[in-house]
Amino acid sequence: MAKKVAVVTLGCPKNQVDSEVMAGFLAQNYSLTDSPEQADIIVVNTCTFIQSAKEESIETIFEMAGYKGSSKCHTLIATGCLAQRYGSELMQEIPELDGVLGTGNIDEIAAIVQAAEKKRTNLIKAGAPNFLHHELMPRKRSTPDYLAYVKVAEGCDNYCTYCVIPYVRGHFRSRSEESVIHEVQEMAAQGVKEIMVMAQDTTRFGQDLEGKLLLPRLIRRLAQIEGIEWIRLMYCYPERFTDELIETMRQEPKVCKYIDLPLQHADNKILKEMNRQGTIEQAEELIRKLRAAMPELTLRTTMITGFPGETEQEFETMVKFIQRVQFDRLGVFAYSQEENTPAGKREDQVPIEVRERRRDQMMQLQQDISWQRQQRWVNQIVTVLLEQRLPDGQWMGRTEGDAPEIDGQVYITQTSGQFPLHVGDMIKVRILEADSYDLIGEVVS
């Protein structure tokens, strides 16, 4: 009987794709299980983006280590960004770990498991990671049948001064357009309706291959694939969001009128010190063009409070920007001081309590803005992708303005005598109520 392997994933959807690829390789020799307590081998795919992510990753490794001796587990492997960054330290500090695998070695997961069953093994290539998955690699998707993540590139060349991603993921490198197309065609054949197109910097796709931005062309080709209903763009940097991309989104009905546009700050001095490209005036002009082209657009961004040297005046500039622009969705992070980054080495660190106070102030402000923005959906008829039937007979789903695991839900009442509903159906719903995050509606017959 094949040994059982559990893959535990932390961090972003991009990391989830890596876990699915590793699971595909492991499934060739092992049996996969979702229950670590039932596993002979546990693989923890870690994150190291900010301090809280590192802490969660380490806590999870220790939690999984608890299964060694108390259940079937005899081999524990750490992979992902934390392993790439601190592999040797993890092996030294956590004796329960049998192996670590870097982000450049994902396709060697089976080899390290086999090696670590006999001897503690550290498998991290020197230099920048260069792994890039393609459509011929095995992959075991962990998402629902109707949803899939499509990672079109790996790595990052932006070198924001607060971020470690270029160091743990390597230089930006696009997959070939044909590789992406073939992968999505296979997904559609398996029943996938919604794809999340993403990279560390999605709008840069293709620039390293042909010297020009190819995301608009890729989207137009993806939209031709039968069975794909929603194409959602994530992690789109503003400086490479071209007029061609705007027009492609406007014209193509399969592209969700939803954009994740991480800005990180709204003061030009701070943006320059972050090594972010462009000015906030340019970003605001982009937002104006986006909303003019797609009035129904749902716009999400992220901001960082308490970047080194951030004054009350610079924070207030960001507050006024948020009040002026009125984003539908806003994620706010208190700055995380990461070692060996330019920002982390600065001596003018903002006290943690100030960073967190500013974050909380921003989130409170956004709650009121989100409530106001959500009211525009009341009495509108929208398409909803059904995801779950609730115990009380109601249904829960998402509109094209809601990314999975990130944004809100639509709670749907179904009256007796209506047509039967199923998970994965896309139905018409009339919105009756809205709060800051979720919508409530009824099925339109």
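One finds the CZ atom of Arg300 at 13.0 Å from the SG atom of Cys236 (value rounded to the nearest 0.5 Å). To the nearest 0.5 Å, atoms OG1 (Thr103) and CG (Leu82) are separated by 11.5 Å.
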Throw together a table of side-chain donor-acceptor distances under 3.5 angstrom for residues 427-434, partners on residues two or more places apart or in other chains.
| residue | atom | partner | partner atom | Å |
| --- | --- | --- | --- | --- |
| Lys428 | NZ | Thr383 | OG1 | 2.8 |
| Arg430 | NH1 | Glu442 | OE2 | 3.3 |

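Relative ring orientation between Phe321 and Phe327 is described as tilted, the plane-to-plane angle lying within the 30° to 60° band.
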Point to revise | Stepwise salt bridge (charged side-chain N to carboxylate O under 4.0 Å, His left out) check, Glu244 with Arg217 | key: CA-CA 9 Å; Glu244 182 188 10; Arg217 188 174 79 188; over 6 Å; no
Check your understanding: Which is it for Arg355 and Glu310 under the salt bridge (charged side-chain N to carboxylate O under 4.0 Å, His left out) test, yes or no, and what are the steps along the way?
Key -> CA-CA 9 Å; Arg355 304 177 208 169; Glu310 181 189 69; over 6 Å; no
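A salt bridge links Arg346 and Glu273; the closest N-O separation between the charged side-chain nitrogens and carboxylate oxygens is under 4.0 Å. Remark: Asp18 engages Arg169 in a salt bridge, criterion side-chain N to carboxylate O under 4.0 Å.
By the 4.5 Å heavy-atom criterion applied to side chains, Val43 and Val5 are counted as neighbours. Here the side chains of Glu387 and Gln409 are in contact, with some heavy-atom distance below 4.5 Å. Put simply, the side chain of Trp395 does not reach to within 4.5 Å of the side chain of Gln388, judged on heavy atoms.
Of the possible polar contacts, none joining the Lys257 side chain to the Thr298 backbone as a donor-acceptor pair under 3.5 Å is found. A distance-only check finds no donor-acceptor pair linking the side chain of Lys151 to the backbone of Arg175 [under 3.5 Å]. The closest donor-acceptor contact from the side chain of Asn15 to the backbone of Thr9 lies at 3.5 Å or more, if one exists at all.
Sorted by first and then second residue, the pairs that involve residues 369-380 and meet salt bridge (Lys or Arg N to Asp or Glu O under 4.0 Å), not counting sequence neighbours, are Asp328-Arg373, Asp328-Arg376.
Stacking of Lys14 on the aromatic ring of Tyr235 is recorded, both the 6.0 Å distance cut-off and the 45° axial limit being met.
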